[in-house]
Amino acid sequence: MTYKFKAINSLGGIVTSNLTAPTKDDAKSSLHAVGYLVLCLKEKKERRGGIKLGFKRRPSDGEMSVFCRQAAALLRAGITVSDAIHYLSEMTSSSCLAGALCEMLSDLRRGIRLSEAMKSRRDVFPEIMICAAASGEASGNLEHSFSRMEGYFRERNKTRKSIENALAYPAVLLVFMVAVIFAMLAFVIPEISGMLEEMGAELPSVTRAVIAASDFISSNAIPLFVTAAALVGIFTAVSKIEAVKHFFDVMLLRVPIISKCSENYATAEFCRTMSFLLGAGLPIVDALGLAASSMRNSCFNGAVRKTAEMVKNGSELSAAIRSAGVFPKLLSDAAYIGENSGNIPGLLGGLSEFYDEEIKSFSAKLTSIIEPAVIIIMSAAVFLVVLSVFLPLLGVTDAIGELI
């Protein structure tokens, strides 16, 4: 059974999450065992059929990086795994992660290994983390595995943030521009158009077009808002369909400027994941399978799965990567050198750093191009609206001057 709870941890913070337990009493006992003061505990009823309105957010790479760093520090200090998980459940800012850790604690106290406890909660812990934990348990150096995972998630988070930051400011400008123009058309232009009609001014074509747009927006503001919200919802739902997602992934690799960034991002992700997994001692075929599941672009996901199949059938990694046809030549060359030198993890790790720097450089250039372009477009749009107002006023002024 899944229970939704709200509790106060030993640090005084409020924790709201979900917990799986056989009965309500077991759920309450699990929460008391980790030092939680339960405020509310009730069974979570799942919807059957229809559209699910809610979703369970998976911890971000940044949250996972913090979790791994704290776990490594606690284990390095000599704290047992179960006690470390207890402390981490109170320290994490992710309610989803806190709930999973609470569930894991009861498993650990029954003698279940950490990797096995993580394995039953794959909706929270990615497969790569489960494998790294299992590797750390097998080698007796779980703290080192958590340290490596911290670096892995930290670099992933930094790379993604560099792209998000490059697009954030232009996106804010674009939203501001749309809001300003909408406000002018909905509230300012109707007042001015009434004044122009009273003056009997001859309206230029640009003014008539702006007034027509203003009348349409003013009389259909609510339907337009509802339609826009519906389109966003429909697009969000449709984009999750596998065929539609694949179509957009293919388009990302065909748009001239974006395709290079998508290729670099996927290559950096592949190199970083493979370096981490091979360094943890996983066989190359298993590492390729996990690397494929970490690829967000379905084109690269399929290419890595094809690579894994070729390696499984006896092909060299470098030849399989070359045959996949989506990765840059530099990757297959690095894999070839790694095969000959016996240091594939080290070369792939260095290559991931190279592509991370390429992405950061590209993001900086993209920002420097997009920002002035958006400002120019915004200025032109506002100027057009202002011009449509002043042209008839100038015409009226000239007419009065001629009469005088």
Evaluate side-chain contact (heavy atoms from CB on, under 4.5 Å) for Cys68 paired with Met129, printing each intermediate quantity in order. CA-CA 10 Å; Cys68 292; Met129 193 172 187; 3.5 Å; yes
Using a 4.5 Å cut-off on heavy atoms from C-beta on, say whether the side chain of Asp107 contacts that of Arg110. yes
Phe354 CZ: over 12 foreign heavy atoms closer than 6.0 Å: yes
side-chain contact (heavy atoms from CB on, under 4.5 Å) evaluation trace for Lys306 with Met310: CA-CA 6 Å; Lys306 176 184 174 183; Met310 292 181 65; 4.3 Å; yes
Between Thr92 and Leu88 (side chain of the first, backbone of the second, donor and acceptor by atom type, cut-off under 3.5 Å), is there such a pair? no
Where does the angle between the aromatic ring planes of Phe125 and Phe67 fall among parallel (under 30°), tilted (30 to 60°) and perpendicular (over 60°)? tilted
Side chains of Arg148 and Tyr152 only: does a donor on one sit below 3.5 Å from an acceptor on the other? no
Greater than 12 external heavy atoms within 6.0 Å of Tyr336's OH: no
Can you tell me if NZ on Lys312 sees more than 12 non-hydrogen neighbours from other groups inside 6.0 Å? no
Run the ring-ring contact (aromatic ring centres under 6.0 Å, His included) check on Phe270 and Phe327 step by step: do they pass? CA-CA 10 Å; Phe270 174 77; Phe327 289 108; 5.0 Å; yes
Under a 4.0 Å threshold between the charged nitrogen and the carboxylate oxygen, would Lys119 count as salt-bridged to Glu116? yes
So, are Glu103 and Arg121 salt-bridged, with charged N and O less than 4.0 Å apart? yes
Between the side chains of Asp249 and Ser298, is a donor N or O closer than 3.5 angstrom to an acceptor N or O? yes
Residues that Ser315 engages under side chain to side chain donor-acceptor pair (under 3.5 Å), provided they are two or more places apart: none
Can you name the closest pair of heavy atoms from Val206 and Leu384 and give their distance? CG2-CD1, 3.6 Å
Using 4.0 Å as the upper bound for N to carboxylate O, is an ion pair formed by Asp61 and Arg160? yes
What's the shortest heavy-atom distance between Thr207 and Ser388, and which atoms? OG1-O, 2.6 Å
Which pair of heavy atoms, one from Ala84 and one from Ile79, lies closest together, and at what distance? N-CG2, 3.7 Å
